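To find a chain, count down the sequence lines: A is the first, B the second, and so on, and within it residues start at 1. Quantities reported herein were computed from a predicted structural model and do not represent experimental measurements.
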There are 4 protein chains.
Amino acid sequence: MSPQDALRGLDGFTIEVPSWAYGNSGTRFKVFTTPGVPRDPFEKIADAAQVHALTGLAPRVSLHIPWDRVEDYQRLRVHAEEHGVRIGGINSNLFQDEDYKLGSLTHADPRVRDKAVAHHLDCVDVMRATGSTDLKLWLPDGTNYAGQDSLRARQDRLAESLERIYAALDPDHRLLLEYKFFEPYFYAMDIPDWGTALLHCQALGQRAQVVLDTGHHAPGTNIEFIVMQLLRAGRLGAFDLNSRFYADDDLIVGSADPFQLFRVMVEIVATDAHLPSSGVNFMLDQCHNIEDKVAGQIRSVLNVEQALAKALLLDAGALAAAQAAGDVIGAHDVLMDAFHTDVRGLLADRREARGLPRDPMAAYRASGYAARIAAERVGGTQAGWA
Amino acid sequence: MSPQDALRGLDGFTIEVPSWAYGNSGTRFKVFTTPGVPRDPFEKIADAAQVHALTGLAPRVSLHIPWDRVEDYQRLRVHAEEHGVRIGGINSNLFQDEDYKLGSLTHADPRVRDKAVAHHLDCVDVMRATGSTDLKLWLPDGTNYAGQDSLRARQDRLAESLERIYAALDPDHRLLLEYKFFEPYFYAMDIPDWGTALLHCQALGQRAQVVLDTGHHAPGTNIEFIVMQLLRAGRLGAFDLNSRFYADDDLIVGSADPFQLFRVMVEIVATDAHLPSSGVNFMLDQCHNIEDKVAGQIRSVLNVEQALAKALLLDAGALAAAQAAGDVIGAHDVLMDAFHTDVRGLLADRREARGLPRDPMAAYRASGYAARIAAERVGGTQAGWA
Amino acid sequence: MSPQDALRGLDGFTIEVPSWAYGNSGTRFKVFTTPGVPRDPFEKIADAAQVHALTGLAPRVSLHIPWDRVEDYQRLRVHAEEHGVRIGGINSNLFQDEDYKLGSLTHADPRVRDKAVAHHLDCVDVMRATGSTDLKLWLPDGTNYAGQDSLRARQDRLAESLERIYAALDPDHRLLLEYKFFEPYFYAMDIPDWGTALLHCQALGQRAQVVLDTGHHAPGTNIEFIVMQLLRAGRLGAFDLNSRFYADDDLIVGSADPFQLFRVMVEIVATDAHLPSSGVNFMLDQCHNIEDKVAGQIRSVLNVEQALAKALLLDAGALAAAQAAGDVIGAHDVLMDAFHTDVRGLLADRREARGLPRDPMAAYRASGYAARIAAERVGGTQAGWA
Amino acid sequence: MSPQDALRGLDGFTIEVPSWAYGNSGTRFKVFTTPGVPRDPFEKIADAAQVHALTGLAPRVSLHIPWDRVEDYQRLRVHAEEHGVRIGGINSNLFQDEDYKLGSLTHADPRVRDKAVAHHLDCVDVMRATGSTDLKLWLPDGTNYAGQDSLRARQDRLAESLERIYAALDPDHRLLLEYKFFEPYFYAMDIPDWGTALLHCQALGQRAQVVLDTGHHAPGTNIEFIVMQLLRAGRLGAFDLNSRFYADDDLIVGSADPFQLFRVMVEIVATDAHLPSSGVNFMLDQCHNIEDKVAGQIRSVLNVEQALAKALLLDAGALAAAQAAGDVIGAHDVLMDAFHTDVRGLLADRREARGLPRDPMAAYRASGYAARIAAERVGGTQAGWA
């Protein structure tokens with residue numbers, strides 16, 4: 001198979017970008033600002049549309065409720081379509097209400113749990129209004145001190161809350177359930193690992209699927225193994241792609257360990273999970289704390305494309321033969337051959353053939369977009385996490 | 001409830017000690033020797049019996065096949081009973097045959113997988129001969145290099161191999177399946193986490209249960225959360241108790257983080273899993289590389305007893321009340337009160353009342369046992385991992 | 001030596017509490033509020049004074065500039081003294097100015113470095129006005145992406161900036177330099193470890209000393225080893241005490257791993273570093289994100305006192321004898337004996353004898369202080385990190 | 001500068017291979033064997049010479065004493081030269097004598113310390129006999145249990161032992177001191193980090209230099225930062241290169257995180273530390289537990305060469321400009337451009353021009369060397385760690 005043929009595997013592949021990546025973000029120490037940052041969901045979508053226009057890879061934008069709450073979702077939907085993109089998954093927010101200090105779906109007080117469940121029913125309404133089919137739920141609940149609450153009771157409350165949310169979904173809706181090792185709580189998160197997310201999804205039903213955020217694991221965890229395992233169990237619903245060196249650093253995907261990203265994509269390609277039919281939603285979840293946000297998103301989608309392209313170039317036959325022969329170095333070398341291949345020229349050719357700029361980053365820099373939004377978006381309140 | 005009443009929860013509680021803890025062990029760098037180390041399974045059981053005689057806590061000894069292979073298991077069984085203990089779980093060994101260089105139950109070559117499955121059938125025979133009901137399987141299989149083998153194919157082979165083993169069990173037998181984060185392979189273990197072990201157990205049936213070795217997790221993993229989760233899923237079959245600071249250090253349980261051991265025991269007590277009826281087998285799995293082995297085992301069972309005693313003293317009512325009130329520090333303080341309580345006197349009283357030495361470590365030192373076995377066990381080959 | 005005699009080692013021991021612990025704090029996701037939180041440095045000091053009044057352990061309060069900037073430092077100093085405490089170390093802030101997005105003392109632009117240096121000269125003025133002798137400098141600088149800046153050039157700039165700050169100190173002033181593994185930057189911090197802090201202190205002079213924050217290390221790091229090493233090198237200036245399970249969690253000290261806190265105190269006692277003459281400043285640095293802040297501080301100082309008390313009770317003679325004999329378990333057991341001892345009664349007796357409440361937490365709860373400040377402190381802006 | 005010009009930086013660059021990489025190795029669970037493994041130091045050197053013959057990169061072989069003890073070192077030296085290589089650093093062994101159970105240079109018993117010091121005097125004799133100038137000392141000493149020994153006393157004993165060894169060196173000899181996070185001890189290693197190694201080197205003198213083994217750090221540690229810092233301090237004596245995912249995995253260098261290896265080489269090139277004049281000795285330290293050992297070494301030296309080549313291609317001017325401009329993504333992109341470049345063709349051309357095979361791995365496979373040594377080396381005892 002020629003490289004060009006192999007790269008046809010990219011044809012249906014898409015990445016979903018998060019609306020919040022275009023707003024301000026930071027650490028607990030400081031949220032730095034940047035000129036031109038969007039003031040509302042419409043401007044976020046305009047920025048996201050730039051990423052798709054230049055790369056052809058990112059036709060959907062995830063919303064986050066309530067950050068992206070608008071009066072008229074139909075108008076937002078049309079706005080997106082006019083900019084060449086559409087609304088993707090709807091993300092609920094369980095971490096910014098004062099009532100959630102000690103938990104939301106797991107809170108000891110049924111009133112707080114009811115409120116958190118009701119928030120998801122609102123999100124389902126947003127899904128209906130925007131045509132979204134994915135309800136993404138990251139549970140930020142947890143405890144900071146041993147004994148603070150019953151670990152077991154919190155699981156039971158969580159199971160009940162999730163059941164109520166799942167019951168409210170339309171038949172074409174999915175519940176995407178995300179796990180996280182730690183933060184914002186530091187003793188025990190209520191969904192700290194993929195095993196816990198899986199158990200809850202199994203209890204709910206087949207349309208409950210696990211979200212794997214590449215930054216939500218203990219140090220040293222083999223991410224591609226979990227990808228493989230969730231695919232094998234038929235429960236990998238989506239990725240939140242980003243990079244990390246230490247914790248949930250939310251850096252540009254592919255910037256910290258490009259080889260890991262490639263290995264993840266190798267597992268994806270091995271079961272054709274890069275094809276739309278797989279149902280796996282490749283989302284980004286990143287914070288561009290100090291860098292240009294649109295450029296950060298462009299770099300991110302290009303990094304994912306590059307990793308997938310290398311995975312598609314992998315000589316699967318040679319790999320299988322070396323594996324069957326027990327040739328340890330030989331099999332590893334087949335994998336590394338694909339990784340070491342410089343696919344940037346091939347991808348530039350492919351973009352050119354599709355009417356896209358050969359170098360999207362250069363095109364973005366040349367476009368003057370950053371300067372334009374900095375000049376135009378004066379006044380108002382920049383969007384951010386708060 | 002008086003402390004004495006609370007400690008009645010210890011009455012049926014037992015710990016199972018591993019035969020291999022009495023043999024030599026070490027790191028890849030060196031296995032140091034100690035005078036008096038057993039030369040055969042009979043001597044190992046004699047040593048284990050000392051631990052039980054002095055503590056009253058350890059009436060069972062796990063065997064490891066082939067290390068503890070003997071001509072006449074009936075004789076070994078009687079030998080154990082004559083020493084006041086009995087045979088516990090049977091541990092298979094999948095890591096010391098040259099054929100297993102690239103895997104055993106997951107090996108690409110069906111011949112090797114057949115051999116590994118057949119080894120378990122031998123182990124089942126040992127179970128029948130010794131009256132054991134627990135087949136414990138730690139899978140040391142994995143890969144060292146990305147691409148070396150197909151992660152997915154290895155899971156499929158593993159599932160098939162396990163199915164054959166499970167089918168060979170008697171109705172009163174259990175299959176206890178252990179997971180491990182890393183070592184002896186360094187890219188991907190084939191059962192690296194509890195989620196993977198659980199998926200395989202679910203596929204096998206209800207008598208397949210997960211073993212939680214406290215040293216087999218990524219840095220920072222909340223162990224008591226997994227204990228809670230496996231209990232909630234009805235799949236916690238056994239512990240391999242030990243301590244670690246870094247990796248699978250296999251130190252004396254309770255020596256690295258006594259508070260963690262206590263927290264684990266709090267989760268155990270919360271669902272009465274310390275009672276024999278729970279089916280949870282509290283096994284030790286340790287390596288006394290540089291310390292006296294019998295003393296190391298005595299210290300270990302005393303540490304477990306101490307942690308359980310503190311957990312039993314926990315004021316569950318006060319804890320629940322503080323938790324329900326959202327009193328973060330108050331709830332934590334209730335837990336810490338139990339932990340800070342010095343139970344050593346109470347436990348000494350309890351031992352005395354049961355005809356045991358108040359201070360088993362002092363009794364062991366005074367007994368001259370270590371000197372006696374060092375004098376008697378001359379010649380032969382000391383038992384070890386090889 | 002009787003326990004009472006051993007505990008005389010507590011007599012001169014003091015802990016310094018941070019003004020910011022009484023304000024709101026949180027994660028990047030949310031800063032939750034609490035009724036009664038101080039609106040200004042005067043109220044923070046009033047809260048801190050409660051901790052000292054009830055425990056007798058915390059006679060100093062660290063300030064953070066600019067958070068604790070006031071018109072009249074003399075008034076603040078008198079205010080503190082009237083409340084029975086005094087001003088301790090002055091902490092500079094290099095993480096909340098928009099200019100510091102890419103660094104402060106290490107920034108590529110000399111204008112920014114000058115500004116950051118000048119901020120320290122302001123802090124030195126505050127030291128003179130408040131009678132403080134410790135300038136504490138945590139450098140939050142770092143980079144998020146490989147290649148973003150020259151690691152080496154940043155060290156050179158840092159050395160030069162520090163030299164200018166050190167030169168501005170009075171002869172009785174110290175520069176306390178803190179290191180941190182990660183956060184708020186995620187590729188490379190400019191002072192990530194004690195080795196780097198030490199090299200800079202060595203270059204500056206003897207009054208430059210290292211600050212060890214117990215939450216600023218890689219997973220698994222042996223903290224007490226670093227304590228020992230810095231004491232041996234004569235460079236341990238201060239602690240920032242807190243607890244962590246994962247990262248820089250800033251939990252109540254002693255809540256995550258009380259045995260580790262004890263081991264640290266054992267190293268302290270081994271060289272009499274708990275005595276005022278040692279120059280080691282035992283500071284707290286914590287965030288009470290979800291719990292009552294004054295109670296959190298009381299619990300913290302009591303936990304430190306308890307750990308130190310246990311370390312003082314350690315039978316140093318028996319320990320040294322067992323160590324010299326190579327008795328691994330025996331030596332460990334001597335240490336554990338001290339740790340397992342319940343010192344709460346002894347400490348309550350000691351408090352009573354000094355005119356303090358036997359149970360400071362109960363006294364605080366009974367005092368109605370929390371309700372009173374919640375009622376009185378209405379309006380204004382609660383203090384926090386921003 | 002053309003790529004070909006940039007790659008001239010490779011001209012004087014050499015890698016030192018370890019004799020023990022050609023022998024058997026494994027984990028504490030099993031040392032697997034491979035046909036053809038050397039039986040003595042002469043055969044190890046013959047294998048090492050193959051690596052150099054095919055790659056032109058590895059002209060020196062490190063010895064390990066006593067594993068490589070021979071009657072006549074002059075004969076070994078000539079043997080090496082006849083095979084086109086020469087003897088490199090001499091590694092002492094402090095981990096395989098029964099006397100060292102509780103330590104060697106740090107042991108409480110002066111007799112054991114004397115023995116360990118004397119072993120180094122033997123090593124210095126081997127240096128004189130072989131023309132080696134580097135004495136490499138990895139201290140495997142440490143403790144498994146808190147309290148087992150005095151952390152402080154062990155440092156003092158270590159300092160004294162090192163002083164005696166350093167005093168025995170010839171004026172052209174260096175002492176290379178290695179640190180390690182954990183293993184073979186699991187509570188505290190006596191030289192656990194670069195800070196500790198540096199303090200001891202500072203105490204000894206300028207010819208004491210630190211060895212950085214890339215697998216000897218806590219999870220998440222930024223290795224290239226330490227490289228930079230040791231170079232800045234003038235104390236980077238040597239590398240022990242290898243790969244790790246979890247602990248001291250000793251895998252083929254560049255196999256786990258090729259981007260990290262590249263980043264290390266970027267720091268090296270930034271100060272011309274790849275040139276022989278820098279004094280930095282680029283050693284491998286790996287265990288080919290399951291793969292062909294000679295092939296593993298060839299792959300390793302090629303991976304190092306590839307990483308260095310990419311670092312040499314880095315556009316330093318563009319990088320510095322983007323850094324000075326505070327262009328976060330732009331600077332990172334310059335770095336990534338070098339990393340993504342496929343240098344394999346350039347390196348093959350370069351090899352061809354120097355009379356070496358374009359593809360050393362293919363040449364090795366075609367050579368039949370592995371089959372030949374497997375056929376010839378029958379009988380005797382294969383070399384290994386023991």
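- The side-chain hydrogen bond (donor to acceptor under 3.5 Å, both in side chains) check on D:N242 picks up D:D213, D:T214, D:D250, with sequence neighbours excluded.
- Heavy atoms of D:I252 lying under 4.5 Å from chain B belong to its backbone as well as its side chain.
- Of the two parts of D:P219, only the side chain, counted from C-beta on, holds a non-hydrogen atom closer than 4.5 Å to a non-hydrogen atom of chain B.
- Across all their heavy atoms, B:D249 and D:F182 have their closest contact at OD1-CE1, 4.5 Å.
- Considering only heavy atoms from C-beta on, B:D248 comes within 4.5 Å of D:R28 through its side chain.
- Highest contact tally toward chain B, considering only D:T27, D:N289, D:L251, is held by D:L251 [criterion: heavy-atom pairs under 4.5 Å].
- Each of B:F186, B:Y187, B:Y185, B:F181 was evaluated against D:Y246; a single residue qualifies, B:F181, per the ring-ring contact (aromatic ring centres under 6.0 Å, His included) test.
- For residues 29-37 of chain D, a heavy-atom distance under 4.5 Å to chain B picks out D:F29, D:K30, D:V31, D:F32, D:T33, D:T34, given by residue number.
- Atom CD1 of residue D:I290 and atom CD of residue B:Q148 lie 4.0 Å apart, to the nearest 0.5 angstrom.
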